[in-house]
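To keep things clear, I will list the structure first and then write my remarks on it.
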Amino acid sequence: MPLLSEIISLLKLNGHQIIDSGIDPNISIVGGKNIFEAGANEITFLSSKYKEQASALLSNVKAPLVILDSELMSDLGNTKFSFCIALSNEPKSTMVDCLKKFFEEKIKPEIHPTAIINSTAKIGKQNFIGAYTVIDKDVIIGDNCVIESNVNIRHSCVIGNNVLIKSGTVIGGKGFGYVKDANGVWENFPHFGKVIIEDNVEIGSNTCIDRGALGDTILKKGVKVDNLVHVAHNVRVEENSLLIADSMIGGSVIIGKNTWIAPSAVLRNGITIGSDCVVGMGAIVTKSVADGETVAGNPAATIQKKK
């Protein structure tokens with residue numbers, strides 16, 4: 001367990017101003033909690049969204065350290081507190097830095113003996129591969145990945161470095177593509193593509209990402225995919241975009257950079273969602289969306305445009 005002084009040293013090193021209350025710097029810190037629950041051996045944070053409640057919340061704090069939104073400091077005047085304050089323009093992000101540095105469990109690299117890995121697959125260094133995970137022929141996996149239990153990675157998929165794939169997810173299954181034959185009977189369209197997942201992507205549990213038909217399905221660097229998401233064949237998601245729980249991305253959709261697809265949104269096949277967009281919860285998106293727009297509703301309509 002780190003001492004309070006060690007956490008404060010990290011915050012100072014990262015450029016944060018510390019307001020010292022005289023509290024014992026040798027207190028052992030066991031973790032972090034929200035501002036409502038943090039105890040005497042836990043750190044916490046307070047963002048500007050609680051501006052109206054800030055004084056009341058801070059008056060009841062038991063934690064020895066609060067990472068405080070710099071915007072709130074002017075409202076507090078010369079109030080004296082019994083805890084240390086670290087000022088931050090992004091308190092939640094600063095809290096994450098502390099939690100990762102001192103408290104996040106480090107997963108040790110290992111390949112579980114029940115994992116099934118095809119002899120043609122290429123596995124990089126320092127990876128964790130969990131129980132009953134199946135890695136198919138010609139799959140390529142980079143370094144420092146965590147692939148949890150019961151994951152299925154199929155058909156020549158390419159996984160980059162520092163990728164997290166949670167339990168129950170299927171990567172590279174055949175997409176749902178059909179054409180009618182001469183007799184009007186539905187016939188499956190062959191899928192020869194693969195899924196390409198670049199560095200620093202995270203994929204939640206029980207998510208399906210289908211391989212491409214004639215091209216590839218691609219998730220670019222830094223994309224985050226929640227649990228229970230479906231990404232159909234030939235989809236392309238650009239850097240740092242988020243696909244949240246229960247969203248459904250139709251075939252051949254293109255999603256730009258830094259775009260947020262909210263829970264239960266449905267994107268019709270073949271459309272393009274621009275960069276810096278927000279697709280609202282439960283939206284049914286049937287038409288392409290320009291850069292910077294926020295859309296919501298059924299059918300989805302623009303409710304805000306980029307200024």
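Side-chain atoms are counted along with the backbone in the values below, which use heavy atoms only and exclude waters and symmetry mates.
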Polar side-chain atom of [X] near backbone of [Y] as donor-acceptor pair, under 3.5 Å:
{"X": "S252", "Y": "N234", "result": "no"}
{"X": "H233", "Y": "G251", "result": "no"}
{"X": "S247", "Y": "I244", "result": "yes"}
{"X": "T294", "Y": "I303", "result": "no"}
{"X": "S28", "Y": "N41", "result": "no"}
{"X": "D199", "Y": "N161", "result": "yes"}
{"X": "S70", "Y": "S88", "result": "yes"}
{"X": "K224", "Y": "N200", "result": "yes"}
{"X": "E6", "Y": "L3", "result": "yes"}
{"X": "T259", "Y": "C277", "result": "yes"}

>> Rounded at 0.5 Å granularity, tell me how far CG in N60 sits from CD in Q53.
In response: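 CD of Q53 is found 11.5 Å from CG of N60.
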
> Roughly how far, to the nearest 0.5 Å, is the CG atom of N188 from the CZ atom of F176?
Replying inline: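 F176 atom CZ to N188 atom CG measures 9.0 Å (nearest 0.5 Å).
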
> Do the side chains of L68 and M73 get nearer than 4.5 Å, heavy atoms only?
Replying inline: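 Contact flag for M73/L68 side chains = yes.
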
> Heavy atoms, side chains only, cut-off 4.5 Å: are I7 and L10 in contact?
Replying inline: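 No, their side chains stay 4.5 Å or more apart.
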
Closest approach of [X] to [Y] (non-hydrogen atoms, all atoms of both residues):
{"X": "L72", "Y": "S47", "result": "CD1-O, 3.7 Å"}
{"X": "N127", "Y": "G142", "result": "ND2-O, 2.8 Å"}
{"X": "P190", "Y": "F192", "result": "CB-CE1, 3.4 Å"}
{"X": "P91", "Y": "L46", "result": "CG-O, 3.8 Å"}
{"X": "A63", "Y": "A38", "result": "CB-CB, 3.9 Å"}

>> What I want to find out is whether R236 reaches E238 closely enough, with some N-O distance under 4.0 Å, to be called a salt bridge.
In response: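 Looking at E238 together with R236, the answer is yes, because their closest N to O distance falls below 4.0 Å.
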
> So does E239 pair up with K220, basic N to acidic O under 4.0 Å?
Replying inline: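 Result for this pair is no, no salt bridge flagged.
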
For [X], does the [atom1] atom sit with more than 12 other heavy atoms under 6.0 Å from it, leaving out its own atoms?
{"X": "Y178", "atom1": "OH", "value": "yes"}
{"X": "E37", "atom1": "CD", "value": "yes"}
{"X": "F102", "atom1": "CZ", "value": "yes"}
{"X": "E90", "atom1": "CD", "value": "no"}

